[in-house]
Amino acid sequence: MSKKQYRSNYCMDLNSDYIDKEVKLAGWIRKKRDHGNMIFIDLKDHTGVVQCVIDTKNENFENINQLSVESVISLEGKVIARPSDSINDGLESGKVEIDIKKITILSKAQTLPFAMHQDDLGEELRLKYRFLDLRRDEMQYRLKLRSDVIKEIREIMEEKGFMEVHTPILTSSSPEGARDYVVPSRLNPGKFYALPQAPQQFKQLLMVSGVSKYYQIAPCFRDEDTRADRAPGAFYQLDMEMAFATQEEVFEVIEDVMFSVFSKFRSDMEISNKPFVKIPYKEAILKYGSDKPDLRIPFHYHDITHLFAENCPKIFKSIVEGGGKILMLPVKGLSNQTRKFFDSMQKFAQDHGAFGLGYMLVGEGKSGPLAKILSDEVSNVVREKADGAFFIADYEVNLPKYAGPVLKKVAEEMNLINKDKYEFCWIIDYPMYEINEGKWDFSHNPFSMPQGEMNAFEKDPGEIMAYQYDLVCNGIELTSGAIRNHDPEIMYKAFEVAGYSKEDVDREFGAMINAFKYGAPPHGGSAPGIDRMIMLLADTENIREIIPFPLNQQGQDLMMNAPCEISNKHLKELGIKIEE
RNA sequence: GGGGGCGUAGCUCAGCUUGGUUAGAGCGUCGGCUUGUCACGCCGAAGGUCGCGGGUUCGAGUCCCGUCGCUCUCGCCA
């Protein structure tokens with residue numbers, strides 16, 4: 001077997017410089033154009049396509065004539081200039097073609113379940129034949145982008161002095177968070193490993209070990225139901241953690257990574273300048289109705305509750321007196337919208353749990369359902385901002401359900417989202433606790449440090465904020481992070497509020513609480529979702545488009561037939577009985 | 001677990017509203033013709049358990065009930 005048995009060049013290498021050179025190429029037959037006594041072949045490899053030509057004078061003619069598309073061949077031939085009237089300017093190799101001398105058939109292809117150029121295929125079919133789906137140009141591009149993004153991330157992190165450490169895939173189940181994927185243990189019958197939902201505890205333990213800056217391109221496993229931006233099975237995070245770091249120092253690292261990666265791979269887009277905007281959680285809810293605001297939308301809610309102090313219409317009165325808010329959403333161009341538009345927005349809001357969605361237009365005079373009810377003072381405030389506004393009256397706790405979706409829906413329907421921007425923002429000052437069925441529960445990560453540390457607990461739990469932050473881009477949550485609680489006493493106290501005894505904490509989080517008793521540096525970090533970053537970079541609506549081998553919505557791999565049953569022998573070895 | 005949408009040829013879909021002769025199209029496949037195409041062209045052919053089960057009806061792809069599958073979404077996602 002000679003070293004270059006299959007190929008001397010790649011398809012896209014070939015241009016006018018190679019004319020009259022003998023070359024060997026290998027790849028797939030993407031297209032055949034049969035002219036009877038002459039056949040054109042588009043040969044495709046990972047670099048692209050080059051046209052090859054053969055006619056009946058060649059003894060290999062019949063071999064090629066019979067070959068199906070997507071068969072794999074190696075061919076030898078001479079690079080020749082195309083006749084001037086058949087140059088293909090749409091193809092990089094379009095000035096030349098290969099005059100085939102000899103071909104070797106390396107692998108015959110059956111008729112494909114779908115044609116390579118089809119781009120409207122059902123997802124089920126694509127996943128079943130993912131190896132073919134990935135052969136298409138669009139998917140090849142996404143594979144390459146994913147690889148390049150991860151390479152870029154690694155380079156930036158290494159340059160900043162971070163060290164990659166691999167953490168276990170088989171670990172123990174944790175009572176907090178999503179459902180775990182579990183793996184039975186043969187050596188310990190009746191016991192189970194869990195796949196890590198994130199390397200959270202390990203990275204904090206690494207801090208205690210004296211690692212100063214840790215990162216990992218880490219797989220995370222959560223048994224959750226699917227969403228367009230959430231894949232079942234595994235997803236990847238740029239997991240990172242820093243010792244002796246403040247929130248600002250973590251932000252600086254993440255901002256550098258995001259800014260570099262997004263500018264490098266989408267130079268056509270406008271990207272938020274560093275430092276990214278910081279929005280306190282409470283403000284985000286009142287301004288955007290969401291802790292994942294899409295800042296490409298050029299309008300937001302305004303709290304105008306104060307304008308209703310004296311002259312409050314009946315329908316709002318009980319809300320205002322009960323401590324609720326009146327929010328105004330001024331939108332430029334609103335007065336040009338049809339009645340049908342307002343009706344559909346009203347229905348949309350109600351479907352999401354709103355009591356109602358009033359509006360007032362102030363284009364020429366006042367109109368709309370609220371025009372008669374609202375004071376001139378209010379309409380003047382609207383007029384300062386726009387020609388019309390929606391109004392919501394509700395308690396703060398109800399806002400995320402519908403105020404955010406309404407804002408987004410209005411922007412989408414009126415086509416007011418700037419698609420040429422990546423708008424980043426930090427959401428900071430998350431509440432440490434929230435009420436859940438009458439008791440206090442962690443609203444985010446239980447390992448976050450409460451602001452004020454031990455002194456925080458002098459406040460009402462609902463007033464305690466955590467050093468907890470999210471990074472959001474175009475309405476998509478890219479990462480959650482926190483400055484951690486490294487003090488066992490504060491941790492016991494924090495868990496006590498959420499109803500955990502000291503014994504509970506020792507039992508459930510033994511490794512970490514124990515480690516913190518042996519000298520733990522203050523530390524904090526974050527974990528941007530790599531799949532979501534690539535989704536934004538590749539402009540796909542669905543996260544599965546940028547995952548090479550995703551599971552479907554039922555958590556199945558239709559290509560590999562996973563999950564699958566296992567033999568009785570296998571089950572017995574694991575000490576497992578399947579209940580019928 | 002709840003709600004919406006979809007399921008007809010290998011693929012993408014039309015036909016269903018208003019039940020009625022032999023269920024169509026494009027792409028793909030197969031055969032024939034074709035020496036300058038590059039979404040090659042022209043002629044022809046094969047290919048269907050209309051997801052599955054039941055019901056209504058003289059008659060069901062079409063209407064009704066059930067069921068399965070896919071997909072979007074709510075719950076869920078410390």
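The residue A:G122 sits close only to the backbone: its heavy atoms come under 4.0 Å of sugar-phosphate atoms, none of a base. At the heavy-atom level, A:P446 lies under 4.0 Å from base atoms of the strands shown.
Base pairing annotation: B:U29 forms a Watson-Crick or G-U wobble pair with B:A45, both donor-acceptor distances under 3.5 Å. The partner of B:A60, taking Watson-Crick or G-U wobble pairs whose two distances both stay under 3.5 Å, does not exist in any strand shown. Pairing partner, B:C6: B:G69, with both Watson-Crick or wobble hydrogen-bond distances short of 3.5 Å. With both pairing distances under 3.5 Å, B:U21 is matched to nothing as a Watson-Crick or G-U wobble pair.
Within a 6.0 Å sphere centred on CD of A:E62, other residues, nucleotides and ligands contribute more than 12 heavy atoms. A:F355 CZ: 12 or fewer foreign heavy atoms inside a 6.0 Å radius. Counting heavy atoms of neighbouring residues, nucleotides and ligands inside a 6.0 Å radius, atom CD of A:E92 does not exceed 12 of them. Surrounding NZ of A:K408 are at most 12 heavy atoms belonging to other residues, nucleotides or ligands under 6.0 Å away. Under a cut-off of 6.0 angstrom, the local environment of NZ in A:K439 is crowded, with over 12 non-hydrogen atoms contributed by other residues, nucleotides or ligands.
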*asked:* Quick one, A:Q468 with A:S448, criterion side chain to side chain donor-acceptor pair (under 3.5 Å). Give me CA distance, side-chain angles, the key distance, then yes/no.
replied: CA-CA 6 Å; A:Q468 163 87 41; A:S448 299; 2.6 Å; yes
_Worked check of salt bridge (Lys or Arg N to Asp or Glu O under 4.0 Å) between A:R507 and A:D504_ = CA-CA 5 Å; A:R507 189 177 59 249; A:D504 293 334; 3.0 Å; yes
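Comparing A:F114 and A:D441, the nucleotide of RNA chain B nearest to each residue sits closer to the 5' end for A:F114. Nearer to the 5' terminus of RNA chain B, by closest-nucleotide assignment, is the contact made by A:L121 (compared with the other of A:L121 and A:K32).
Here, B:G59 and B:A23 have their C1' atoms 16 Å apart, quoted to the whole Å. For the P atom pair drawn from B:C6 and B:C16, the interatomic distance equals 14 Å after rounding to whole Å. Rounded to whole Å, the separation between the P atoms of B:U57 and B:G15 comes to 28 Å. Annotation: B:U12 and B:C70 have their P atoms spaced 15 Å apart (nearest Å). Remark: the separation of the P atoms in B:U21 and B:G5 is 29 Å, to the nearest Å. Taking atom P on both B:G28 and B:C38, the two are 14 Å apart, rounded to the nearest angstrom. Taking atom P on both B:G24 and B:A45, the two are 13 Å apart, rounded to the nearest angstrom. Nucleotides B:G61 and B:U18 have their C1' atoms positioned 15 Å apart, rounded to a whole Å.
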*asked:* Base contacts versus sugar-phosphate-only contacts with protein, heavy atoms under 4.0 Å: please encode nucleotides 29-38 of chain B as B, S and - from 5' to 3'.
replied: S----BBBBB
*Nucleotide-resolved protein contact map, nucleotides 70-75 of chain B, B/S/- at heavy-atom distance under 4.0 Å*: SBBSBB
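A:H117 has its NE2 atom 11 Å from the C1' atom of B:G26, to the nearest Å. In this structure, A:R30 places its CZ atom 14 Å from P of B:G28, rounding to the nearest Å. Rounded to an integer number of Å, the gap from CD1 of A:I41 to C1' of B:C40 is 15 Å. Atom P of nucleotide B:G10 and atom CG of A:L125 are separated by 12 Å, given to the nearest angstrom.
The two residues A:E70 and A:M116 make their nearest non-hydrogen contact at OE2-CG, 3.3 Å. Contact between A:Q451 and A:A456 at its shortest, heavy atoms only, is O-CB, 3.3 Å.
Checked for salt-bridge contact, A:E496 and A:K502 miss the test: no charged N lies under 4.0 Å from a carboxylate O.
One finds no side-chain N or O of A:K31 lying less than 4.0 angstrom from the OP1 or OP2 phosphate oxygen of B:A39.
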What donor-acceptor contacts under 3.5 angstrom involve side-chain atoms of residues 553-563 of chain A, with partners at least two apart or in another chain?
| from | atom 1 | to | atom 2 | distance (Å) |
| --- | --- | --- | --- | --- |
| A:Q556 | OE1 | A:N552 | ND2 | 3.1 |
| A:D557 | OD1 | A:M559 | N | 2.9 |
| A:D557 | OD1 | A:M560 | N | 3.0 |

